[in-house]
Amino acid sequence: MAIEFNITGSKRFGTMLAGLRHAAKMTQKLAAAKCGTSTNLWCMFETGRRRPTADHLFAMSLMFDRPMDKLYRDCSEKRAAATTERVSA
């Protein structure tokens, strides 16, 4: 079973991530460094072109003082719903 990439969920996550970063008054470069990734990859998270790994989500949860499960749901909720719809159809 192939799982398709759902860009809608990723864009929503990226928008939320950019909002958290702005609220923390961080640049993308600083946020990426604190998360242990490159600025380029961080930009991809914020634009919805890439999804963060569990390690990235853990670092983000510490950096923004948000529960990791909340970040994970924000990142994955739409994808899980889209997968469920395809399987049940």
Side-chain angles (χ1 to χ4, degrees):
M1 177 172 96
I3 298 177
E4 296 172 13
F5 184 70
N6 182 330
I7 195 72
T8 304
S10 292
K11 282 187 177 180
R12 186 178 68 130
F13 175 78
T15 300
M16 184 267 309
L17 186 61
L20 289 172
R21 180 179 59 77
H22 286 293
K25 297 184 185 336
M26 286 187 200
T27 63
Q28 288 179 327
K29 184 176 182 176
L30 178 59
K34 287 185 172 220
C35 193
T37 190
S38 68
T39 305
N40 188 40
L41 184 56
W42 185 272
C43 292
M44 288 183 190
F45 294 155
E46 287 192 6
T47 59
R49 290 183 289 161
R50 291 286 300 271
R51 289 179 181 272
T53 64
D55 289 339
H56 293 135
L57 287 171
F58 180 71
M60 290 172 191
S61 75
L62 294 175
M63 183 170 38
F64 297 125
D65 194 29
R66 294 188 48 115
M68 187 173 167
D69 63 324
K70 171 71 173 135
L71 290 173
Y72 178 79
R73 278 194 309 271
D74 289 343
C75 181
S76 302
E77 193 172 276
K78 295 277 185 179
R79 184 175 184 186
T83 301
T84 303
E85 287 177 20
R86 280 195 311 279
V87 170
S88 61

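Computed from a predicted structure; not experimentally measured. FYI, side chains are in, hydrogens and waters are out, and symmetry mates aren't considered; it's all heavy atoms of this structure.
- Side chains of W42 and T27 form no contact here, defined as non-hydrogen atoms less than 4.5 Å apart.
- Contacts classified as ring-ring contact (aromatic ring centres under 6.0 Å, His included) and involving residues 16-39 (residues at least two apart or in different chains) are not found.
- In this structure, N40 has no side-chain hydrogen bond (donor to acceptor under 3.5 Å, both in side chains) partners at least two apart in sequence or on a different chain.
- Across all non-hydrogen atoms, the minimal contact from L57 to P52 is CD2-CG, 3.7 Å.
- Taken from NZ in K11 to CZ in R49, the straight-line distance is 10.5 Å, to the nearest 0.5 Å.
- In this structure K70 satisfies the salt bridge (charged side-chain N to carboxylate O under 4.0 Å, His left out) test together with D74, sequence neighbours excluded.
- The salt bridge (Lys or Arg N to Asp or Glu O under 4.0 Å) pairs that include a residue from residues 19-48 are R21-E46, where partners are two or more places apart or lie in different chains.
- Not a single side chain to side chain contact (heavy atoms under 4.5 Å, CB included) links D65 to another residue, sequence neighbours left out.
- Here A59 pairs with C35 under the side chain to side chain contact (heavy atoms under 4.5 Å, CB included) rule; sequence neighbours left out.
- Residues meeting the side chain to side chain contact (heavy atoms under 4.5 Å, CB included) test with A24, sequence neighbours left out: M26, F64.
- Sorted by first and then second residue, the side chain to side chain donor-acceptor pair (under 3.5 Å) pairs involving residues 52-62 (not counting sequence neighbours) are T53-H56.
- With sequence neighbours left out, the side chain to side chain contact (heavy atoms under 4.5 Å, CB included) criterion links T15 to no other residue.
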